[in-house]
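Not measured: the values here are computed from a predicted model.
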Amino acid sequence: MKTFLQKTVSVILSVILICSLLPMRAAASFEIPGSCRVETDTGNAGTVKTLDYAYDDNTYFSLRDLAVLLKDTDKAFSLEITSNAVSLDIGNAYTPLGVENTSWEDSENPDIALRRNEFKVNEETVFYYTLIMQLPSGDYDCFMMAADLAMILDVNITVPAAGSLQIYTQEPFDISPAALEEAGYFYGVNSVLAGDATTGEIYYQYQSDMSYPIASTSKLMTCLLVMEAISTGQLTLDEQITISEEVQALADSGDGVIPLKAGEQITVQELLVGALLPSSNECALCLAESIAGSEEAFVRMMNQKAQDLGLSQTIFYNSNGLPSYTEDFVPAKRQNSMSAEDMFRLVSYLLKVYPQITEITSMEEAALESIDFAVKNTNPLLHNLPEVTGLKTGTTNKAGACLVTSITADDGRMEHDLVVIVLGTEDSIERGRVSGLLARYALHAFDAGVDSTESGASDQASGNLPVHAEAAVDQIIRTARKRQ
């Protein structure tokens with residue numbers, strides 16, 4: 001018996017030790033230093049230091065090394081880098097430190113975090129994830145993805161062979177979603193869709209007919225029902241809403257975003273801002289209660305509206321997108337779910353009937369004066385593309401990181417709302433990068449027309465054929481322009 005107890009204790013201690021070590025190893029970041037041969041179309045060539053962050057081929061490139069190679073080109077840029085901030089000015093000459101385009105020192109073993117450091121391009125704040133490290137000289141260098149730099153500089157970059165890059169300074173940034181799909185780029189994403197919400201034309205889609213959890217992008221349906229209540233006179237934007245105890249309980253929980261207190265009052269306008277910008281779950285609940293009396297009744301309205309709009313791959317359990325538990329002895333964990341196609345239909349309807357919603361979603365920050373609280377927009381693309389007008393981020397463990405992006409485009413006759421939907425990326429880093437790539441692709445497809453052979457693309461979204469004469473004529477003109 002004593003021997004059995006000793007063995008049992010030994011096993012338990014071993015399990016505890018392994019469990020305590022594994023999270024430390026899994027959470028620890030590491031960078032693999034390397035180098036890459038980079039050439040430009042002007043004949044400049046050299047070695048650029050790289051860091052593969054956590055995985056092989058997850059490569060970030062030295063901005064200082066690239067700045068030297070682009071120094072005498074049309075895409076030259078200057079750099080100022082501190083321990084947590086980068087300032088990049090396109091068109092300015094770069095002043096070398098003398099340490100660029102050299103190999104890593106044998107003693108160098110980088111251990112730095114990938115962060116959304118402060119980043120400015122021509123004095124304008126942008127949102128990209130970067131690695132900043134201190135050089136032996138005491139100066140700092142910044143490492144970023146080649147795709148992110150290509151989007152910033154508007155240049156075309158290709159990979160002619162392993163361990164090499166070719167930068168075409170005279171060619172604008174270009175991306176092919178079909179090529180990305182073929183290379184497996186979207187395998188870590190639940191679904192994506194890019195299209196023109198004004199005409200219903202789909203530029204590209206990947207697994208867009210399958211239903212997935214959508215997290216806080218659910219709030220777009222909540223806001224649609226709020227806008228309908230305002231249009232019918234049930235609510236007004238400046239109407240004061242009294243905060244309930246249920247709303248305060250959610251605000252006080254781990255999922256709370258804005259400190260709403262029971263008995264206080266806040267306007268409908270501020271609740272909309274809170275739900276859409278910082279993705280306040282309690283603001284969405286407060287709006288639901290103000291319209292339907294309870295969240296349960298409001299959810300029935302959400303599902304009925306989904307049915308009315310023909311959203312066949314959609315189900316809602318609450319107004320905000322948080323995981324919802326049943327009251328069973330063994331509770332089931334459910335989440336609002338929707339396909340990317342359904343989301344495209346929902347957003348197309350929202351933008352067509354209530355275009356003023358983008359007056360809120362395009363704000364980078366706002367003040368909720370009723371409760372003296374400032375909020376910021378969680379959408380990173382508002383900083384990276386001037387054409388972006390919204391719409392909504394969302395994240396849960398099951399849904400992953402999601403983003404629905406609206407973009408304005410003008411064909412010379414009228415403005416169009418382009419929409420990019422990205423559901424289920426691994427984290428906010430990938431969410432921003434995938435959405436940024438597809439947003440630029442959507443703008444290019446709008447201007448040049450999308451090749452009908454593009455994998456996953458279709459000419460028209462089901463149920464979104466133009467019914468007005470102007471829209472029909474516009475589509476005919478667009479189709480004819482693509483065929484020329």
Side-chain angles (χ1 to χ4, degrees), residues 213-227 229-230 234-235 237 239-303 305-306 315-328 331-338 360-361 365-379 391-402 404 428:
I214 57 172
S216 283
T217 61
S218 306
K219 296 184 177 79
L220 292 173
M221 176 61 89
T222 297
C223 290
L224 170 58
L225 294 180
V226 172
M227 298 304 290
I230 292 171
Q234 182 181 354
L235 293 176
L237 284 173
E239 182 175 340
Q240 295 281 340
I241 304 297
T242 302
I243 299 166
S244 69
E245 292 183 359
E246 289 77 12
V247 171
Q248 178 179 333
L250 180 54
D252 291 342
S253 74
D255 294 310
V257 178
I258 296 175
L260 300 182
K261 300 299 180 183
E264 294 182 349
Q265 291 192 321
I266 186 171
T267 68
V268 171
Q269 169 78 17
E270 290 171 325
L271 289 171
L272 277 170
V273 170
L276 290 170
L277 266 63
S279 197
S280 166
N281 300 306
E282 53 277 355
C283 282
L285 175 59
C286 194
L287 287 167
E289 292 178 344
S290 67
I291 291 175
S294 70
E295 185 169 43
E296 292 76 13
F298 186 79
V299 169
R300 289 194 292 271
M301 294 175 61
M302 296 173 77
N303 285 313
K305 189 64 181 180
I315 187 168
F316 293 102
Y317 297 104
N318 55 39
S319 60
N320 46 47
L322 289 171
S324 173
Y325 290 87
T326 64
E327 297 179 357
D328 298 333
K333 185 178 182 181
R334 311 165 302 182
Q335 294 198 35
N336 298 346
S337 298
M338 182 182 287
I360 296 176
T361 59
E365 55 187 24
L368 309 183
E369 295 182 358
S370 295
I371 59 172
D372 190 25
F373 192 81
V375 296
K376 292 185 177 181
N377 202 319
T378 55
N379 186 350
L391 281 168
K392 190 71 195 72
T393 60
T395 306
T396 66
N397 288 339
K398 181 70 173 178
C402 308
V404 178
S428 59

Let me confirm one number: the [atom1]-[atom2] distance from [X] to [Y], rounded to the nearest 0.5 Å.
X      : Y      : atom1 : atom2 : answer
Leu271 : Thr222 : CG    : OG1   : 12.0 Å
Leu368 : Thr267 : CG    : OG1   : 8.0 Å
Cys286 : Gln265 : SG    : CD    : 10.0 Å
Thr242 : Leu260 : OG1   : CG    : 12.0 Å
Ile214 : Lys398 : CD1   : NZ    : 14.5 Å
Met338 : Leu220 : CE    : CG    : 8.5 Å

Identify the heavy atoms of [X] and [Y] that sit nearest to each other, and give their distance.
X      : Y      : value
Pro278 : Val257 : O-CG1, 3.7 Å
Leu276 : Lys392 : O-CD, 3.8 Å
Gly394 : Ala215 : C-CB, 3.6 Å
Gln234 : Ile291 : NE2-O, 2.9 Å
Ser290 : Ile241 : CB-CD1, 3.9 Å

Assess the residue pair Cys283 and Ile258 against the criterion (side chain to side chain contact (heavy atoms under 4.5 Å, CB included)); give the C-alpha distance rounded to whole Å, side-chain angles, the decisive distance to 0.1 Å, and a yes or no.
CA-CA 8 Å; Cys283 282; Ile258 296 175; 3.9 Å; yes
Can you name the residues that form a side chain to side chain contact (heavy atoms under 4.5 Å, CB included) with [X], not counting sequence neighbours?
X      : value
Ala306 : Met221, Leu311, Thr314, Phe316
Lys261 : Gln248, Asp252, Glu264
Ala297 : Ala292, Ser294, Arg300
Ser337 : Ser211, Pro213, Ile315

Pairs satisfying side chain to side chain donor-acceptor pair (under 3.5 Å), at least one member in residues 368-378, at least two apart
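Pairs touching residues 368-378 that pass the test: Glu270-Ser370, Thr378-Thr393.
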Answer yes or no: is there a side-chain heavy-atom contact under 4.5 Å between Phe298 and Asn318?
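The answer is no; the side chains never approach within 4.5 Å.
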Donor-acceptor pair, distance only, cut-off 3.5 Å: does the side chain of [X] make one with the backbone of [Y]?
X      : Y      : result
Asn281 : Asp255 : yes
Asn336 : Tyr317 : yes
Thr326 : Ala332 : yes

With sequence neighbours excluded, tell me which residues meet side chain to side chain donor-acceptor pair (under 3.5 Å) with [X].
X      : value
Ser216 : Lys219, Ser279
Glu282 : Ser280
Gln335 : Thr396
Asn303 : none

With side chain to side chain contact (heavy atoms under 4.5 Å, CB included) as the test, would you mind laying out the steps for Leu225 and Met302 before giving the verdict?
CA-CA 8 Å; Leu225 294 180; Met302 296 173 77; 3.7 Å; yes
For Asn320 and Ser218, what are the C-alpha separation, side-chain angles and deciding distance, and is it a side chain to side chain contact (heavy atoms under 4.5 Å, CB included)?
CA-CA 6 Å; Asn320 46 47; Ser218 306; over 6 Å; no
For a side chain to side chain contact (heavy atoms under 4.5 Å, CB included) check, start with the C-alpha distance between Leu272 and Leu237, then their side-chain angles and the critical distance, and finish with the verdict.
CA-CA 9 Å; Leu272 277 170; Leu237 284 173; 3.9 Å; yes
